[in-house]
Amino acid sequence: MSRVWRQDLAWAAYILGLAVLIGMVQQWPLVRQSWRGDLSAILSQARQQRRQEQFQGVQTINLAQAYALFQNGTALFIDARPVDEFAEIHVPKALNITPEMLDEGRAAQVTGLAKDREIVVYCSQVSCDLALKVAEKLQALGFSRVMAFVGGFRAWDEAGYPAATSK
């Protein structure tokens, strides 16, 4: 019994080793970049390229621009994060509108807004695409001055800018 168990274990180790080797060969460029420490930069560049292609009609703004619009007081801020994250903390006076709400027609907050109103949409952080998705959907609804703040609420909070809670 123990000999069969050892043979099975040896075969399992052999198959696992072979799978790792095949995986490394197939993904060698990524493995090499990872060993060099360049993988996060390459993935970030690929994400940026995908975003430019997918959301090419959406204007993006940085943290300084978003804060200037907030201080000006004329722009409406829309938080694209899930409801529970919004309830925990958000930009003061922001509305919570997720992509799903717009898809399902549950975003009554936008119904009475002027189509030329300045709107800043944000989500959680740089790697989040929710702001871009909501901005794109708002543009499709006819809003002409929609911008996506791609730094996200994380950058806003880390900068020490004002925040509110719904709890």
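The first residue in the sequence is number 1, and the count goes up from there.
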Checklist line | Same cluster (ILVMFWY, side-chain, under 4.5 Å), I15 and L9 | finding: no

Next item on the list: Verify the cluster assignment for M147 and L138: are they in a single hydrophobic cluster under the rule of side-chain heavy atoms below 4.5 Å apart?
Entry: no

Check: Should V91 and D79 count as side-chain neighbours, where that means a heavy-atom distance under 4.5 Å?
Finding: no

Margin query: Using 0.5 Å steps for rounding, measure from the CG atom of L39 to the CD atom of Q33.
Written below: 7.5 Å

Next item on the list: Examine distances only and state if a side-chain atom of T165 and a backbone atom of A87 form a donor-acceptor pair shorter than 3.5 Å.
Entry: yes

Note to self: I want to check something: taking the side chain as every heavy atom from C-beta on, are L76 and K93 in contact at a cut-off of under 4.5 Å?
What the structure shows: no

Notebook entry, point to check: Is there a side-chain contact between L132 and V150 (heavy atoms, below 4.5 Å)?
Noted result: yes

Check: Does some side-chain heavy atom of K137 sit less than 4.5 Å from a side-chain heavy atom of D103?
Finding: yes

Notebook entry, point to check: In Å, rounded to the nearest 0.5 Å, how long is the span from CD of Q125 to CD of E158?
Noted result: 9.5 Å

Margin query: Give me each pair satisfying ring-ring contact (aromatic ring centres under 6.0 Å, His included) with a member in residues 31-52, each pair once, sequence neighbours excluded.
Written below: W28-W35

Notebook entry, point to check: Are D129 and R47 close enough for a salt bridge, meaning some N to O gap below 4.0 Å?
Noted result: no

Next item on the list: Fit a plane to each ring of H90 and F86, take the angle between them on a 0 to 90° scale, and name the class: parallel (under 30°), tilted (30 to 60°) or perpendicular (over 60°).
Entry: parallel

Under 3.5 Å, which donor-acceptor pairs link side chains of residues 60-69 to any protein atom two or more places apart or in another chain?
unit_1 : atom_1 : unit_2 : atom_2 : d
N62    : OD1    : A64    : N      : 3.1
N62    : OD1    : Q65    : N      : 2.8
Q65    : OE1    : N62    : N      : 2.8
Y67    : OH     : Q71    : NE2    : 3.3

Next item on the list: For D38, check side chain to side chain donor-acceptor pair (under 3.5 Å) against everything at least two apart and list the hits.
Entry: none

Item checked: ring-ring contact (aromatic ring centres under 6.0 Å, His included) involving F143 - partner list, sequence neighbours excluded -> none

Next item on the list: Give a yes or no on whether I22 and Y14 share a hydrophobic cluster (residues Ile, Leu, Val, Met, Phe, Trp, Tyr; joining criterion: side-chain heavy atoms under 4.5 Å apart).
Entry: yes

Notebook entry, point to check: By ring-ring contact (aromatic ring centres under 6.0 Å, His included), which residues pair with F70, not counting sequence neighbours?
Noted result: F77, W156

Next item on the list: Count the heavy atoms of every other residue, nucleotide or ligand shown that sit under 6.0 Å from CD of Q56, and state whether that count exceeds 12.
Entry: no

Checklist line | Min side-chain heavy-atom separation V121-V58 under 4.5 Å | finding: no

Checklist line | Worked check of side chain to side chain contact (heavy atoms under 4.5 Å, CB included) between S124 and E85 | finding: CA-CA 9 Å; S124 59; E85 288 182 39; 4.1 Å; yes

Check: Say you draw a straight line from CE of M101 to CD1 of I78; how long is it, rounded to the nearest 0.5 Å?
Finding: 11.0 Å

Next item on the list: Over all heavy atoms of both residues, which pair between P162 and P92 is shortest? Give the atoms and the distance, please.
Entry: O-CD, 3.3 Å

Notebook entry, point to check: Does L95 share a hydrophobic cluster with F153, counting links as ILVMFWY side-chain heavy atoms below 4.5 Å and allowing steps through other members?
Noted result: no

Item checked: Listed partners of K133 passing salt bridge (charged side-chain N to carboxylate O under 4.0 Å, His left out), at least two apart -> none

Margin query: Would the distance check show the side chain of E118 and the main-chain N or O of V146 forming a donor-acceptor pair, the cut-off being under 3.5 Å?
Written below: no

Next item on the list: Of all the heavy-atom pairs spanning T98 and R81, show the shortest one and how long it is.
Entry: CG2-O, 3.2 Å

Check: So which heavy atom on A80 is nearest to which on L130, and how close?
Finding: O-CD1, 3.5 Å

Next item on the list: Verify the cluster assignment for V134 and I119: are they in a single hydrophobic cluster under the rule of side-chain heavy atoms below 4.5 Å apart?
Entry: yes

